[in-house]
There are 2 protein chains.
Amino acid sequence: MKRTASKRLVTISDVAQSAGVSKATAARVLGSYGTASPVVKEKVREAAKRLGYQANELARSMTTGKSKTIGVVVGDIENPYFGQAVRGISDAAHAAGFDVILSNSGEDAAKEKAAVRVLMGKRVDGLIVTPASVFETQHLHEVQRSGRPLVLLDRTIPDLAVDAVVTDDRQAAEAATRALIEAGHRRIAYISATESEDPIYRGPHQINLSTVMERIEGVVAASRSAGIQHPERYIRLGAHRRGLGDKIIAELLQGADRPTAILASDTVVALEVFKTLRRLGMSIPGDLSLVAFHDADWTSVTSPPITVIAQPVYELGFESAQILVRRITGMGDTPRCRVLATTLIKRQSIGAPPELEDSGAVLQDDAAKIG
Amino acid sequence: MKRTASKRLVTISDVAQSAGVSKATAARVLGSYGTASPVVKEKVREAAKRLGYQANELARSMTTGKSKTIGVVVGDIENPYFGQAVRGISDAAHAAGFDVILSNSGEDAAKEKAAVRVLMGKRVDGLIVTPASVFETQHLHEVQRSGRPLVLLDRTIPDLAVDAVVTDDRQAAEAATRALIEAGHRRIAYISATESEDPIYRGPHQINLSTVMERIEGVVAASRSAGIQHPERYIRLGAHRRGLGDKIIAELLQGADRPTAILASDTVVALEVFKTLRRLGMSIPGDLSLVAFHDADWTSVTSPPITVIAQPVYELGFESAQILVRRITGMGDTPRCRVLATTLIKRQSIGAPPELEDSGAVLQDDAAKIG
DNA sequence: TTGACATGTGAGACCGGTCTCAAATACGGT
DNA sequence: ACCGTATTTGAGACCGGTCTCACATGTCAA
């Protein structure tokens with residue numbers, strides 16, 4: 001058995017010595033740059049193979065300044081939404097010869113900040129980030145100032161002039177809401193998983209994600225143009241943690257003037273709605289209609305199958321990586337925000353609203369609000 | 001506006017010069033090693049802050065030889081199974097002060113090899129890998145030989161003496177099969193997503209994953225001890241690609257002596273079973289009973305809810321990272337394989353087998369095999 | 001006062017590559 | 001044979017940190 005020393009690795013100098021050439025020459029052959037005669041090339045390659053040489057990419061990156069690596073910070077790897085996006089990123093990156101380092105922030109701005117710092121420290125050539133908050137963005141501004149390319153994924157930050165790739169959430173929310181209105185609904189809830197101590201929506205200052213704001217605007221706009229009064233009252237936030245989501249949904253459905261339809265911000269929330277409904281003995285779409293963001297694979301096998309807003313998640317990742325690579329290699333035209341379209345996939349979770357006893361009271365309530 | 005040069009970053013020499021101390025002293029303060037007087041510390045820290053100094057981790061790792069980073073190669077990031085495992089890894093790693101670099105192999109041994117090479121090149125302190133094949137393992141042997149700690153996740157490799165963390169697949173498959181047998185089933189299929197050109201199982205040589213082999217053994221053992229003849233005939237492989245899975249399942253269910261129960265290797269396959277059944281106009285558990293590996297969150301909201309084998313996936317990741325960190329920092333007791341237990345969660349997808357016309361023929365068939 | 005010893009600081013080697021530059025060699029034409 | 005040019009090669013600086021070691025200073029006991 002070959003007792004290779006486990007500590008010290010083979011360096012280019014070792015190879016050079018063994019091949020009987022200078023370090024510089026060996027480096028040229030192994031690094032595929034400069035020139036070397038065929039016979040020398042062969043000698044060096046043979047020695048490298050024999051010694052089991054593997055280049056130290058760290059050293060290489062340090063001198064060249066390029067690491068051929070892009071850093072990615074996503075909100076939650078466990079969420080299949082980001083899983084798909086990451087695959088898109090990986091595919092595009094690898095196709096361009098880049099590696100990917102992934103971190104997840106758990107949607108926590110502080111963790112995100114730390115992750116970005118680490119990746120910058122590792123001298124990645126560029127960054128793709130799904131920012132956890134539009135408020136805490138100093139670290140991203142710093143990245144931009146340092147000149148390292150940065151692409152925002154899924155969400156934008158208003159005052160940060162970098163590339164971004166997002167889906168058209170406003171228009172998606174509007175379309176979904178319109179579909180519910182066309183089915184006869186007037187009391188439509190939007191339940192978001194976004195972080196928030198207060199589950200009740202009181203205004204834009206609470207919202208720290210561009211997507212959430214856009215969706216709320218979409219729901220409100222569609223409702224308003226259908227003559228629905230005060231649609232904001234059915235908006236709920238912070239349904240992220242499992243137990244909490246359940247509570248928020250149950251309270252919403254058991255309260256006075258309960259909504260007859262729910263738009264869920266992702267499939268995790270939709271799942272929570274499903275479970276809560278089962279617990280309350282209510283059915284879809286008889287008692288409640290449901291639409292969810294994200295066409296997760298399982299949404300077509302529930303009963304009833306869920307009507308969803310399909311987002312081009314893989315493309316979102318793929319495009320963002322392509323843009324980033326272009327910035328790294330090429331140069332700077334002005335940053336753009338690419339908006340990808342979504343599709344409403346109609347399945348069987350939308351029905352006519354049930355006849356609610358207190359329906360008249362609600363109208364009165366609405367009327368009172370006007371007067 | 002401060003026009004920070006976008007190209008050249010601030011180095012420790014810049015900070016030293018600005019603070020009026022030597023490079024060595026500045027490094028001691030900023031690197032938190034050696035000694036420095038309080039007043040000098042203050043000066044250096046102030047200068048670093050003013051200049052926006054960020055350490056070059058590459059340079060740091062190069063001299064120290066440690067990168068405080070562990071590399072992870074998983075089969076498929078999109079699969080929620082691995083998503084959970086990765087979170088477990090991240091949590092344990094970060095708790096110990098390590099960063100995580102993630103790659104995915106797409107269950108392709110060649111890609112896995114490339115990913116391992118890249119990570120080794122980046123001088124990660126250790127590796128966690130879910131090996132795509134028990135046959136192509138030279139690269140993993142090389143890692144082991146180089147002395148860099150390696151932990152296998154979810155799967156083992158017989159002749160490779162490194163740590164591993166897996167679930168007890170044999171016992172899980174046995175328990176699931178027994179549950180089906182107790183419900184009266186005698187024709188039980190196991191459908192695996194594992195890569196294979198031939199969907200029919202002909203022997204162990206086809207199987208390139210330890211988990212798959214264990215599960216097959218589990219199913220066969222439970223069947224045999226219940227007196228079921230030739231249980232292997234209902235084993236199908238390669239249900240990975242979407243279209244193919246559908247075809248394999250449909251053929252199995254429409255063939256002579258069709259199985260009355262299916263054990264699916266993961267929830268993606270289970271989903272495929274659901275869809276195919278719907279297409280064929282069959283129902284669960286009336287026409288077919290179903291059990292699946294992996295307690296994906298949605299398996300409780302289908303109708304009927306699916307009986308699953310819950311695996312401690314997060315723990316799998318968490319443990320593997322802990323073991324790896326222990327190896328990196330501490331030293332070598334002999335490598336161990338940690339086996340975590342699974343739980344059978346009984347829901348409503350198991351029922352009595354339907355009265356099949358050709359039931360008698362099957363028994364004859366079985367009997368014929370004995371004579 | 002002097003010596004023993006702890007503490008703070010700077011000079012410079014080093015990690016393992018890349019890259020510049022000059023010297024050495026090969027080649028081609030007259 | 002001889003010169004001009006192209007190609008191959010080696011010496012050594014460099015990237016940005018860490019680390020060793022020598023030297024300067026401060027403290028305290030004899």
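Note that this is a predicted model, so its numbers are computed, not measured. Lettering follows sequence order; numbering is per chain, from 1.
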Tell me the side-chain hydrogen bond (donor to acceptor under 3.5 Å, both in side chains) pairs involving residues 108-122 of chain B, sequence neighbours left out?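 Applying side-chain hydrogen bond (donor to acceptor under 3.5 Å, both in side chains) to every pair that reaches into residues 108-122 of chain B, excluding sequence neighbours, yields A:T69-B:K122, B:E112-B:H139.
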Which residue pairs pass the side-chain hydrogen bond (donor to acceptor under 3.5 Å, both in side chains) test when at least one of the two sits in residues 32-46 of chain B, sequence neighbours left out?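 Qualifying pairs: B:E46-B:R50.
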Check ring pair (Phe, Tyr, Trp, His ring centres under 6.0 Å) between A:Y81 and all other residues, then give those that pass, not counting sequence neighbours.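 For A:Y81 the ring pair (Phe, Tyr, Trp, His ring centres under 6.0 Å) partners, ignoring immediate neighbours, are A:H294.
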Is any side-chain N or O of B:T35 closer than 4.0 Å to OP1 or OP2 of C:dG8?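 Looking at the OP1 and OP2 atoms of C:dG8, one of them is under 4.0 Å from a side-chain N or O of B:T35.
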Give, ordered by number, those residues of residues 52-60 of chain B having at least one heavy-atom distance below 4.0 Å to an atom of DNA chain D; if nothing qualifies, reply none.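 Output list: B:Y53, B:N56, B:A59, B:R60.
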Between the protein and nucleotides 21-28 of chain C, which nitrogen or oxygen pairs are less than 3.5 angstrom apart?
none

What salt bridge (charged side-chain N to carboxylate O under 4.0 Å, His left out) pairs are there with at least one residue in residues 13-32 of chain B, not counting sequence neighbours?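 Found B:R8-B:D14.
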In chain order, what residues pass the side-chain contact (heavy atoms from CB on, under 4.5 Å) check against A:R123, with sequence neighbours excluded?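 For A:R123 the side-chain contact (heavy atoms from CB on, under 4.5 Å) partners, ignoring immediate neighbours, are A:R148, B:L9, B:N56, B:L58.
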Tell me every residue that passes side chain to side chain donor-acceptor pair (under 3.5 Å) with B:S67, counting only those two or more places apart in sequence or in another chain.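 Listed in chain order: B:D125.
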Under the rule for side chain to side chain donor-acceptor pair (under 3.5 Å), what residues qualify as partners of A:Y53, not counting sequence neighbours?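 With neighbours one apart ignored, the set is empty.
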Residues which pass salt bridge (charged side-chain N to carboxylate O under 4.0 Å, His left out) with A:D163, listed by chain and number, not counting sequence neighbours: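 Here the qualifying residues are A:R327.
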Angle between the end axes of the helix from C:dT1-D:dA30 to C:dT30-D:dA1, five pairs per end, to the nearest 10 degrees?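 Helix axis angle between the two ends: 40°.
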Answer with base, sugar-phosphate or nothing: what part of the nucleic acid does B:A36 contact at a heavy-atom distance below 4.0 Å?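 It contacts sugar-phosphate atoms only.
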Distance under 4.0 Å to a non-hydrogen atom of chain A counts as contact; along DNA chain D, which nucleotides mark the start and end?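 Using the under 4.0 Å cut-off, the span is D:dT8 to D:dG16.
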